[in-house]
Amino acid sequence: MAHRYNIISADSHLEVAPTRWTPRVPEKWRERAPRLVTLAGGGDGVLIENRAPYVLGLAVTGKPYQEHRLNGLHYEGSPGTGTPERRVSEQDQDGIDAEVLFTSVSAPGLWRALPDEGYLACVRAYNEFLAEEYCAAAPDRLFAMGVLPVTGVDDAIRELEYCKKSGLKGVALQSFPSGKTFPTPDDDRFWKAALDMPMPLTIHVGFLGREGPVFKYKKEPTEAGFGSDPIRLLTRFQGGSGQILIQLMFSGLFERFPNLRLYFAETMVGWIPYTLEQVDDIYERSRYWAEREYGLEPLARRPSDYMLKQAVWGFLHDPFGVRMRDVYGVNNALWGSDFPHSAGNFPHSMDIINEMFLEVPGDERYAMVAGNAVDFFGLDNEV
């Protein structure tokens, strides 16, 4: 049944105890799957093999700033950690019609210590939990992003196909489809599959782990000094999300797939107008030596053009960013509440929205707090 969406949080979070979904993990791997533990401070944590425990901390707040805590928190009874039915009631309390949900401790990169078979079993178990249990309880209001493995393109496509078939509204990438820290030609099979389905693709903040190379250059300079890597140079005034987009544009991805658009969640938008100017200026200053020394082929368009046409960006409380909307485009920004994380203001999201959009025309406000999410995720919005 179609639903009328007036307010959609395009960036919320699903924080649930692993006991909710690990029974779906095959018995062979269940004991090595993420598990709930009690930490020294008395709060809940999630223990993942060969990793430091995941501590809830500011991941579950939904409370006044004065009550935010770093430890001693529990899934049981905390805002945003309960059943899907309770989550819908929390949406009602906050004045929200639906949420796009990103996972935290269940992000597959955190399970990578397991052998591939066990790792992939955990990924599938979690996605099954999302599709068959959590989102199924309110399919017009709970839009959890499926998680993708980082074990290669074939595994990523296989899980992408499962998520689409199971009815999930999108997936969240944790790395480039190959699992590498830079784009590869083999990734094209994944991008094509996503467009053919079609399946919306999202990236929350950035990719897990950024210590590796950022691009496969055709050549290496005889001498490379500090700050001379072209891709890193172009993104020195941005965060991880901006760097990912730069990596993709230099790979020629958007010439091969001009209709591909990515949603970068929780990036804010106030930085974009500044970056649009800076990235073009840095590109013009560096493009010639980058081609000569690194074999980095020139772009078909200005970097800023790719930023405006191939990506949409997520923001939380960003009044300055809202004022700058004409520069980056009203249709390129999606609001999110961040619930139940600490950057949100549950149950007062409407106060934050009304503050940011006080003098914004109604059609522009609607686009940024609901309409753009409806369009990107292909939701059926009843008129």
Side-chain angles (χ1 to χ4, degrees), residues 6-20 36-47 52-107 110 141-142 144 204-206 239 265-271 313-323 333-360 365 368-369:
N6 294 305
I7 304 289
I8 296 176
S9 169
D11 179 15
S12 293
H13 295 271
L14 185 56
E15 296 285 352
V16 296
T19 49
R20 295 277 300 279
L36 188 66
V37 296
T38 300
L39 301 172
D44 287 345
V46 176
L47 189 63
Y54 174 82
V55 182
L56 293 181
L58 297 178
V60 286
T61 55
K63 303 172 184 177
Y65 301 154
Q66 300 90 327
E67 297 179 22
H68 288 188
R69 300 175 59 189
L70 298 181
N71 49 50
L73 297 167
H74 300 272
Y75 284 104
E76 183 68 28
S78 293
T81 64
T83 65
E85 292 79 12
R86 184 173 134 196
R87 186 66 178 238
V88 169
S89 71
E90 289 166 333
Q91 290 180 359
D92 292 338
Q93 185 181 358
D94 205 25
I96 305 299
D97 297 315
E99 293 175 286
V100 175
L101 299 163
F102 293 94
T103 186
S104 293
V105 69
S106 300
L110 298 178
R141 302 191 67 176
L142 300 172
H204 189 269
V205 181
E266 201 165 327
T267 58
M268 303 302 185
V269 289
W271 59 275
W313 309 90
F315 69 101
L316 308 175
H317 185 219
D318 189 358
F320 176 77
V322 172
R323 294 198 297 273
L334 285 67
W335 172 81
S337 72
D338 201 46
F339 179 69
H341 289 185
S342 60
N345 289 82
F346 175 87
H348 306 293
S349 290
M350 290 306 303
D351 293 342
I352 296 298
I353 290 175
N354 290 334
E355 169 210 325
M356 290 192 293
F357 289 90
L358 181 62
E359 298 181 358
V360 176
R365 168 178 165 144
M368 297 174 75
V369 302

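Values below: every heavy atom of this structure, side chains too, minus hydrogens, waters and symmetry copies.
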Q) Pairs in or reaching into residues 66-78: which pass salt bridge (Lys or Arg N to Asp or Glu O under 4.0 Å), with residues at least two apart or in two chains? A) none
Please name the pair of heavy atoms, one in [X] and one in [Y], separated by the smallest distance, quoted to 0.1 Å.
X: Val269; Y: Ala333; value: CG1-CB, 4.1 Å
X: Lys63; Y: Pro79; value: CE-CD, 4.2 Å
X: Phe315; Y: Met356; value: CE1-CE, 4.0 Å

**Q.** Partners meeting side-chain contact (heavy atoms from CB on, under 4.5 Å) with Thr61 (sequence neighbours left out)
**A.** Leu58, His68, Ser342
Q. Can you name the residues that form a side-chain contact (heavy atoms from CB on, under 4.5 Å) with Pro53, not counting sequence neighbours?
A. Leu39, Leu47
(Q) Going by salt bridge (charged side-chain N to carboxylate O under 4.0 Å, His left out), name the residues that satisfy it together with Glu90, two or more places apart in sequence or in a different chain. (A) Arg86
(Q) List the residues meeting ring pair (Phe, Tyr, Trp, His ring centres under 6.0 Å) with His204, not counting sequence neighbours, and say none if there are none. (A) His13, Phe102
Looking at [X] and [Y], would you say the former's side chain and the latter's main chain have a donor-acceptor pair under 3.5 Å?
X: Thr267; Y: Gly314; result: yes
X: Arg141; Y: Asp97; result: yes
X: Arg20; Y: Gly82; result: yes

Output a table of donor-acceptor pairs, distance under 3.5 Å, between side-chain atoms of residues 344-353 and any protein atom two or more places apart or on a different chain; print 'none' if there are none.
| from | atom 1 | to | atom 2 | distance (Å) |
| --- | --- | --- | --- | --- |
| Asn345 | ND2 | Tyr65 | OH | 2.6 |
| Ser349 | OG | Asp94 | OD1 | 3.3 |
| Ser349 | OG | Asp94 | OD2 | 2.6 |

Q: Nearest 0.5 Å please: distance from the OH atom of Tyr75 over to the CG atom of Leu36.
A: 7.0 Å
Q. Does any non-hydrogen side-chain atom of Asp11 lie less than 4.5 Å from one of Asp338?
A. yes
